[in-house]
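Positions are given from 1, in the same order as the sequence printed here. Keep in mind that the numbers below use all heavy atoms, side chains included, and drop hydrogens, waters and symmetry copies.
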Amino acid sequence: MSVRAATAFTVPPSLWDTTDMIDALAARDIARVFRLVQRATRASQTHLGGATGLSQAQVSEIISGTRRVSSIDVLTRICTGLAMPGHARMTLLLGEHPSQTTPRPGGDGGTRTRVMSAQAGCADRCRPVDEDARDWYSDVTAIYLSRSEFTAKMPPHVLFDDAMDIRAAGLSLNILCQQYADNQLLKLLAAGTHLRCLFLDPAGDAIRRQEHEDGYPDGHLSALTELNIQNLAGRIRDRLPADARERLAIRVYDETIRVNVLLIDDRLCVVQHYLPQIRGVDSPTMVVERTAITPGLYTVFDGMFTSLWERSRDV
């Protein structure tokens with residue numbers, strides 16, 4: 001289920017590190033990005049459109065300046081279609097120059113520098129974006145500003161209907177328990193799919209801290225999570241044939257939640273972040289596709305799930 005579009009041209013990796021390209025990406029000046037790509041590759045407007053999911057007419061309007069690209073969805077498609085490396089993708093999606101600094105909120109006038117910046121002094125603490133590392137995080141294939149935007153583009157049935165192995169760790173796991181049909185989940189498990197669900201413990205301390213941070217009444221998230229666990233155990237597991245019940249494992253953990261992680265068939269990872277003072281449904285969602293070229297971020301979240309699972313307990 002790759003979201004990477006096939007292209008009729010190849011952008012030279014060095015183009016993404018030129019001053020002109022970095023400035024264009026930071027300004028979200030897609031007209032300039034397209035012109036730079038055309039200059040380096042001799043790609044036609046039709047080629048650019050085919051790679052990015054735009055029509056030739058739309059590409060022409062963008063290049064001429066009569067159409068401005070601001071949609072995150074379109075920007076993400078452009079990132080994917082042009083096979084942008086991780087640092088270029090983040091510059092475009094964040095709309096900030098890699099060397100840009102911003103004041104710390106409520107701080108003493110100090111500044112913070114984006115991790116993307118390979119400025120002097122960083123070499124001792126982080127890996128610079130050099131030729132060997134340029135595509136280190138290229139397994140990130142899409143970024144959505146909110147969970148609702150992600151669900152609209154990648155609904156649960158698209159993610160799960162053909163899956164043979166699903167691992168989910170998070171808070172209430174509504175994407176499986178509320179947004180995916182029970183009969184479909186029963187069908188998958190009966191046919192041989194393995195499902196491991198790891199919930200935030202509804203009786204634990206971490207979920208109470210999350211309720212307070214998100215501004216929910218006491219017990220709100222606990223009740224929702226407990227309901228999802230009981231429904232999954234009762235409506236789904238108890239209705240499965242005896243020999244299929246072991247394919248559904250349910251556990252809980254009691255640790256500060258940072259992300260929801262969904263891993264499908266050891267190839268696709270969906271990461272939904274929890275950010276301070278932003279409820280989960282309003283936080284960004286990142287899609288990662290495992291590659292054979294570099295370890296990338298897939299291995300990071302795969303390892304995170306395994307570690308959490310080992311520290312959890314059965315329900």
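Of the candidates V69, I62, L48, I62 is the only one forming a side-chain contact (heavy atoms from CB on, under 4.5 Å) with L54. With L159 as the fixed residue, the side-chain contact (heavy atoms from CB on, under 4.5 Å) test singles out one of T151, I166, L262: L262.
Looking at H47 and T41, their side chains never come closer than 4.5 Å, going by heavy atoms from C-beta outward. Residues H273 and M286 are in side-chain contact: their nearest non-hydrogen atoms beyond the backbone lie under 4.5 Å apart. The side-chain heavy atoms of T18 and W16, taken from C-beta on, include no pair separated by under 4.5 Å. Residues V287 and I143 are not in side-chain contact: their nearest non-hydrogen atoms beyond the backbone lie 4.5 Å or more apart. Contact annotation: the side chain of N183 never approaches that of K187 to less than 4.5 Å [non-hydrogen atoms, C-beta and beyond]. Proximity of T256 to Y274: side-chain heavy atoms (C-beta onward) are nowhere separated by under 4.5 Å.
For the pair T80 (side chain) and T141 (backbone), a donor-acceptor distance under 3.5 Å is present. For the pair S312 (side chain) and Y253 (backbone), a donor-acceptor distance under 3.5 Å is absent. Judged purely by atom type and a 3.5 angstrom limit, S60 has no side-chain atom pairing as donor or acceptor with the backbone of Q56. Judged by distance alone, with hydrogens and angles left aside, the side-chain atoms of D254 form no donor-acceptor pair with the main-chain N or O of G204 at under 3.5 Å. S307 places no side-chain N or O within donor-acceptor distance of the main-chain N or O of M304, the cut-off being under 3.5 Å.
Atom-to-atom distance recorded for L82:CG and R77:CZ is 12.0 Å, nearest 0.5 angstrom. The distance from the CG atom of L92 to the CE atom of M84 is 5.0 Å, given to the nearest 0.5 Å. Atom NE2 of H220 and atom CG of D214 lie 9.0 Å apart (nearest 0.5 Å). Taken from CD in E289 to CG in L297, the straight-line distance is 13.0 Å, to the nearest 0.5 Å. In this structure, the separation between CG on L176 and CD on Q184 is 12.5 Å, given to the nearest 0.5 Å. With rounding to the nearest 0.5 Å, the separation of CZ in R251 from CD in E310 is 9.0 Å.
Judged purely by distance below 3.5 Å, without hydrogens or angles, the side chains of T193 and R247 never pair a donor atom with an acceptor atom. Between the side chains of D218 and H212, no donor-acceptor pair of N or O atoms lies under 3.5 Å.
At a threshold of 4.5 Å between side-chain heavy atoms, the hydrophobic network of Ile, Leu, Val, Met, Phe, Trp and Tyr places L171 and L224 in two separate groups. Hydrophobic clustering (side-chain heavy atoms under 4.5 Å, transitive across Ile, Leu, Val, Met, Phe, Trp, Tyr) groups V74 together with I30. Note on I22: it does not cluster hydrophobically with F34, by side-chain heavy-atom contacts below 4.5 Å among ILVMFWY residues. If you chain together hydrophobic residues whose side chains sit under 4.5 Å apart, I257 and V300 fall into the same group.
A salt bridge links D302 with R167: the distance from a Lys NZ or Arg NE/NH1/NH2 to an Asp or Glu carboxylate oxygen falls below 4.0 Å. Taking the charged nitrogens against the carboxylate oxygens, D266 and R290 do have a contact shorter than 4.0 Å, which makes a salt bridge.
Between F160 and Y180, the angle of the ring planes goes over 60°, which puts this pair in the perpendicular group of the 30/60° scheme.
Each salt bridge (Lys or Arg N to Asp or Glu O under 4.0 Å) pair with one or both residues in residues 20-46, not counting sequence neighbours, appears once here: D20-R32.
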Show me the donor-acceptor pairs, under 3.5 Å and distance only, between side chains in residues 233-244 and residues at least two apart or in other chains.
residue, atom, partner, partner atom, Å
R235, NE, D182, OD2, 2.5
R235, NH2, D182, OD1, 3.0
R235, NH2, D182, OD2, 3.1
R239, NE, R235, O, 3.4
R239, NH1, R235, O, 3.1

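Summarising the local packing, CZ of R258 is surrounded by 12 or fewer heavy atoms from other residues, nucleotides or ligands at distances under 6.0 Å.
Considering every non-hydrogen atom in both W309 and C197, the closest pair reads CZ3-O, 3.7 Å.
Geometrically, R313 does not engage F199 in a cation-pi contact, judged by NZ or CZ lying under 6.0 Å from the ring centre and within 45° of the ring axis.
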I250 and R196: CA distance, side-chain angles, deciding distance, side-chain contact (heavy atoms from CB on, under 4.5 Å) verdict:
CA-CA 6 Å; I250 306 171; R196 281 176 278 176; over 6 Å; no
